[in-house]
Amino acid sequence: MTVPTEASAFTTDAVPSYSWPVKPDRYDRRPELTSDEREALASLGTDLRRYPGGHDPQAPQWKDVRRLLRPLDDVRSSLWCPDEGSYRRGVDDAIALILRHCAKHGRSMWAWSAEDWLALIGASARQFTANAPGWAEGTARPYLMAYAYLLNDFTEFDRLGSFQRLPLAWRLFGKHLVDEAQQQVALVLRGWGYQVETDVDARISPVLCQALLLNRSPKLEDLTTEAFDRIRQHPDLPDRYIGALYGIQRAVAELGHCSLPPTPYRGRMPEIEGTSRSWAEWIERWHSTSTLSRRVRDNNRSLLSKIGRWLAAEHPEITEPDQWTRQTCASWVAAVDKLRVGDYAQRLASHETRTGQPVTPHTKSGYLTATRAFFRDLQEWEWIPRRFDPIRALSTPRTIAAMLGPDPRVIADDIWAKLLWAGLNIGPDDLPTRLNSLRYPFELLRVLSLTWLFSGLRSDEIARLRVGCVRWQHEGFPIPGDSDEVLARDAVCLLDVPTHKTGTSFTKPVDPLLGKAIEAWQELRPQQPKMLDRKTGEHVDLLFAMRARRVAKTYVNGTIIPSLCQKAGVPTADVRGNITSHRARSTIASQLYNAKEPMTLFELQAWLGHRSPESTQHYAKITPNTLARAYNDAGYFERNVRTIEVLVDRDAVTSGAAASGEPWQYYDLGHGFCTYTFFEQCPHRMACARCDFYTPKDSSKGQLLEAKDNLQRMLANVPLSDDERAAVDDGQAALDQLLERLVDVPTPTGATPREIGVPATATLLPIVAVNQGKG
C-alpha cells in the first residue's frame, strides 16, 4: 500500500504543490463501454469482488476490462487503508460496485455525473445498505466517496448525510499528513485559549478536513488566502463550519501561510423595497461613500429608504434628491411630526408590539438629523446642486426640540446595590461557563462584570481596553501594583481608556478592586495575536480577547447583565427600560455627582471623557435627596428671616396696663430693648436711633426689667429687607450704607436719627438658633 506524498488528481485546477502519482493522461477515458467490456462485466458477476482465493485472476474477462480496472487499482494503491480485513474487503467491494454500475448504465466512470455517484453512494449509510447488493460491505461506502472525489472531483459532501470527514481525509491524503496538519493548527489554537482536544477535536477536525478536501491538498502551506476565499464561498460548505473556519484561518495565518480572515459582518442589509429604483441607487451610493461608522450608515440607510417609500406614496413625481425643494423639505418635516411606529417600514416584525404608537421626540429628531446629513453630503460632494440649506430647511421644529434634553436613565439605588453585590460575589455557576467548551473562562467573565460595574465606560470602550491599561500610583508617583509598602487604600488605580466615541484616549481613577481584578486576568490570559482596533486602525493587544477573537461589545448586554440580574434577583428591566451597559454609566456618574463630597461637573466631565459639560449633563442627575439637602443648606428661609428673642411682661398683660398703652413686650437688640409693638415694621431695627421706645440694657430700667420673675421669653421671626439682608451678608460697608440711608427716615416716635442727634450705630440682631428638624 502506497501512502501518497504528492497531490492528486483528475482535476485541472489542482494545487500545484501537491499532486498524486496517478495521472489522468495515462488512461483511456472513453465514456462509452465496448461490447466486449459489457459482456465481460456481465459474465464476471460476483467475481468482480476479487476476494483472495474466490476468483480466477487469469480469467480472460479481466483482460477485456483492463481499461476500467487499471485506474481503479492505481487509485487503490494510493489510498490509506487500515490493516483490517473489513476495510480491505471494503475497497474491493467499492471497485466491484463501480464496475457493476458501469455495466448497468453502459458508461465508464469517467462519464459519470454527480447524480450517478450519489445514486451509488446513497444519501445516508442506511440508504446505501438498502440499495447495495447483499454481499457489499458497509465499509465500501467511504471508499466510494474517495473514488468519486478522485475520479470526478466530487465535493458535494453535504448531500451525503452525516459522515466523518476525518477518515475520508485519511484515506485520500494519508493519516500521517492529515494528523500533522491537525496538530499544527491545534497547537496554535490551544495557545490562544481554545479548548482543543489532544487527539481529535469534534469542532476543529471536521472543518479542517473539509478545508483540506476542498483545497485538494493536506498541506497547510497550500491553504493560501485565495484558497480560503474559495473554500468560504464553496456552495457545499455548511454554515455551521463558518465560525471554526475563521479560527483555522487565524491559525494558518499565524503559521505564515495566508493573511488574516475578513471580520465577519452578520448584519447584512436587505435590498431596498418600495422605493423608486433611482432613489435606492442614490441611497446605496451615499452608503458606500460616507465616512460615518458602519452602524450609523446602516441606520441612516434604513431611514432614507423610509423617505423613499414616503415619496412613492405622497410625491411619486420625486425620484431623485436633486428634485427636492424647500416645499418638499417642509412636507417631510410635517410628515415626521405625525409619524407612527411602523409607518413606511419595510419589515414590521420588530415593531409588532408597538405598531401604531406615536414616534418619540428623540426618534423624530434622529430622522431629521439623518435627512440633513444626507442632503448636506450630497451638496458638499457636488452630486446635486444646492437648491436649499439643509440645516434650515430640515431643522427640528421647536415643538419637538422643546421635549428633548438631558434625561439620564439612572438605575434605582436599591437595584444597583444588589447588582454590585452580585458582581462581587459572582461564581462559575452564575455565568455561562460550562455549557460547552467554547464559552469564555470564568476569570474573564468576572473581570468583565466588575469593569461594567465600576469603570463607568461605554460597552465599546470596555471591549477595546488593552493589556496593561491599569497603572498604580501613590502621592503622584508610580508604584508596582503588588507593592507591599503602600496600603491598598492608599494606592490610586488609574485606568487608561482608548480613543472613544467623542474624544481621544484619557486616564481616569477607578476603584483598586477593579485594578486588582484586571491584573489577575492578565496573569491568566492566554497569549493572543494582535487585533485590529477598528476605531484607530492600530493592531493592539486587547484585554478581553480569547481564542484569537475579541469579546463582542454586545456581550455585556446580552450575557453579563442578564446573569448579574439573575444572581441579584432583580428583573432585567425597570420602569425606565432595559438595564443596559450605558445605564450603568449614567448611574455611576449620578452617584458621584450626588456623593457626600460630590465631584463637580467639570471633574465629572473629565472622569467620563466628555469634550464638553453639556454632554456630562446627559449623565449626571441630581437626586431629590441631594436637592433637598442643598436647599436646606442654602438657608433660604433663614436668609430672609431672622429669629430674635422677645420678653413678654405677663403682669402688664393681666393687669390691663398693656391695654392702656404701657409697654408689655421687649425686643432684645443685644445692646438694649425696643418696646415698639410693631418692631418688625421699623426700618431702624438694625440701626437703632435710640428713640423713646429704646431702653439700654446697662440702664437701671433695663436691669430691673431683666430681674423680673414674671417675664416670659419668646421668639419672634423678623423678615429682612434687601438692604438689611445685604448688611447681614456683606458686612460693615453695607452697614455704613444702611446708616446713611436711614439718617432722615422717621423713627416710630416721629423724629429722624438726624433730629435725635444721637449717633446711630448699626448692629446685627442677636440671632437665636432654632432647630427646625424633627425632634
Side-chain angles (χ1 to χ4, degrees), residues 408 420 423 444 446-483 485-523 525 528 530-545 550-551 553 556 581-582 584-593 595 597-620:
L420 285 174
L444 186 151
R446 180 178 183 273
V447 70
L448 196 60
S449 304
L450 295 177
T451 304
W452 175 65
L453 290 169
F454 287 94
S455 67
L457 298 179
R458 303 179 179 92
S459 58
D460 178 69
E461 295 167 354
I462 294 176
R464 293 174 46 247
L465 287 176
R466 301 171 182 179
V467 174
C469 61
V470 169
R471 293 182 286 115
W472 300 85
Q473 70 176 25
H474 178 63
E475 296 181 352
F477 296 96
I479 61 172
D482 56 353
S483 174
E485 300 177 1
V486 179
L487 296 177
R489 57 185 174 85
D490 295 329
V492 177
C493 179
L494 299 178
L495 181 67
D496 295 330
V497 183
T499 301
H500 52 98
K501 177 182 178 181
T502 60
T504 59
S505 58
F506 68 101
T507 301
K508 63 191 300 184
V510 294
D511 194 282
L513 181 146
L514 175 58
K516 294 293 185 182
I518 290 178
E519 288 187 335
W521 162 242
Q522 287 181 164
E523 293 293 329
R525 175 182 176 273
Q528 304 290 315
K530 291 185 179 296
M531 300 177 193
L532 178 67
D533 188 327
R534 290 186 290 269
K535 189 171 291 291
T536 63
E538 303 172 290
H539 281 84
V540 297
D541 291 316
L542 295 179
L543 177 65
F544 298 119
R550 71 191 75 209
V551 174
K553 65 179 182 180
V556 172
S581 61
H582 215 67
R585 182 172 168 87
S586 299
T587 302
I588 298 173
S590 295
Q591 290 189 356
L592 292 174
Y593 196 56
E597 298 292 337
M599 297 177 70
T600 65
L601 186 64
F602 293 102
E603 291 171 343
L604 195 59
Q605 171 193 347
W607 194 82
L608 292 174
H610 289 150
R611 284 188 178 271
S612 69
E614 294 181 1
S615 300
T616 309
Q617 292 176 0
H618 288 267
Y619 293 85

Quick one: pull up [atom1] in [X] and [atom2] in [Y] and give me the separation to the nearest 0.5 Å.
{"X": "Arg466", "Y": "Glu538", "atom1": "CZ", "atom2": "CD", "value": "5.0 Å"}
{"X": "Lys535", "Y": "Thr499", "atom1": "NZ", "atom2": "OG1", "value": "8.5 Å"}
{"X": "Leu450", "Y": "Lys516", "atom1": "CG", "atom2": "NZ", "value": "14.5 Å"}

Closest heavy-atom contact between [X] and [Y]?
{"X": "Trp521", "Y": "Ala545", "result": "CZ2-O, 4.2 Å"}
{"X": "Ser455", "Y": "Val510", "result": "CA-CG1, 4.4 Å"}
{"X": "Leu453", "Y": "Gly423", "result": "CD1-CA, 3.6 Å"}
{"X": "Cys493", "Y": "Pro512", "result": "CB-CA, 4.0 Å"}
{"X": "Val556", "Y": "Ser581", "result": "CG1-CB, 3.9 Å"}
{"X": "Trp607", "Y": "Ile588", "result": "CH2-CG2, 3.7 Å"}

(Q) Looking at Leu532, is its backbone amide N or carbonyl O close enough to the side chain of Arg550 to form a donor-acceptor pair, meaning the two atoms are under 3.5 Å apart? (A)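 Looks like yes, one N/O pair under 3.5 Å.
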Output all residues satisfying side-chain hydrogen bond (donor to acceptor under 3.5 Å, both in side chains) with [X], sequence neighbours left out; order by chain, then residue number.
{"X": "His500", "answer": "Arg458"}
{"X": "His539", "answer": "none"}
{"X": "Thr507", "answer": "Arg471, Asp496"}

Do [X] and [Y] come close enough that some side-chain heavy atom pair is under 4.5 Å?
{"X": "Thr451", "Y": "Leu543", "result": "no"}
{"X": "Cys469", "Y": "Ile518", "result": "yes"}
{"X": "Leu465", "Y": "Pro498", "result": "yes"}
{"X": "Leu494", "Y": "Gln473", "result": "yes"}
{"X": "Leu457", "Y": "Lys508", "result": "yes"}
{"X": "Tyr593", "Y": "Gln617", "result": "no"}
{"X": "Ser459", "Y": "Trp452", "result": "no"}

Partners of [X] by side chain to side chain contact (heavy atoms under 4.5 Å, CB included), sequence neighbours excluded?
{"X": "Val467", "answer": "Gln522, Arg525, Asp541"}
{"X": "Thr616", "answer": "Leu601, Leu604, Gln605, Leu608, His610"}
{"X": "Thr504", "answer": "none"}
{"X": "Ala463", "answer": "Lys553"}

Q: Please report the C-alpha distance between Leu542 and Gln528 in whole Å, then the side-chain angles of each, then the deciding distance to 0.1 Å, and finally whether the side chain to side chain contact (heavy atoms under 4.5 Å, CB included) criterion is met.
A: CA-CA 8 Å; Leu542 295 179; Gln528 304 290 315; over 6 Å; no
Q.
Within a 6.0 Å radius of atom NZ on Lys501, are there more than 12 heavy atoms belonging to other residues, nucleotides or ligands?
A.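 No, because the 6.0 Å sphere around NZ of Lys501 holds 12 heavy atoms or fewer from other groups.
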Q) Quick one: salt bridge (charged side-chain N to carboxylate O under 4.0 Å, His left out) pairs with a partner in residues 599-608, sequence neighbours left out? A)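 Passing the test, one end in residues 599-608: no pairs.
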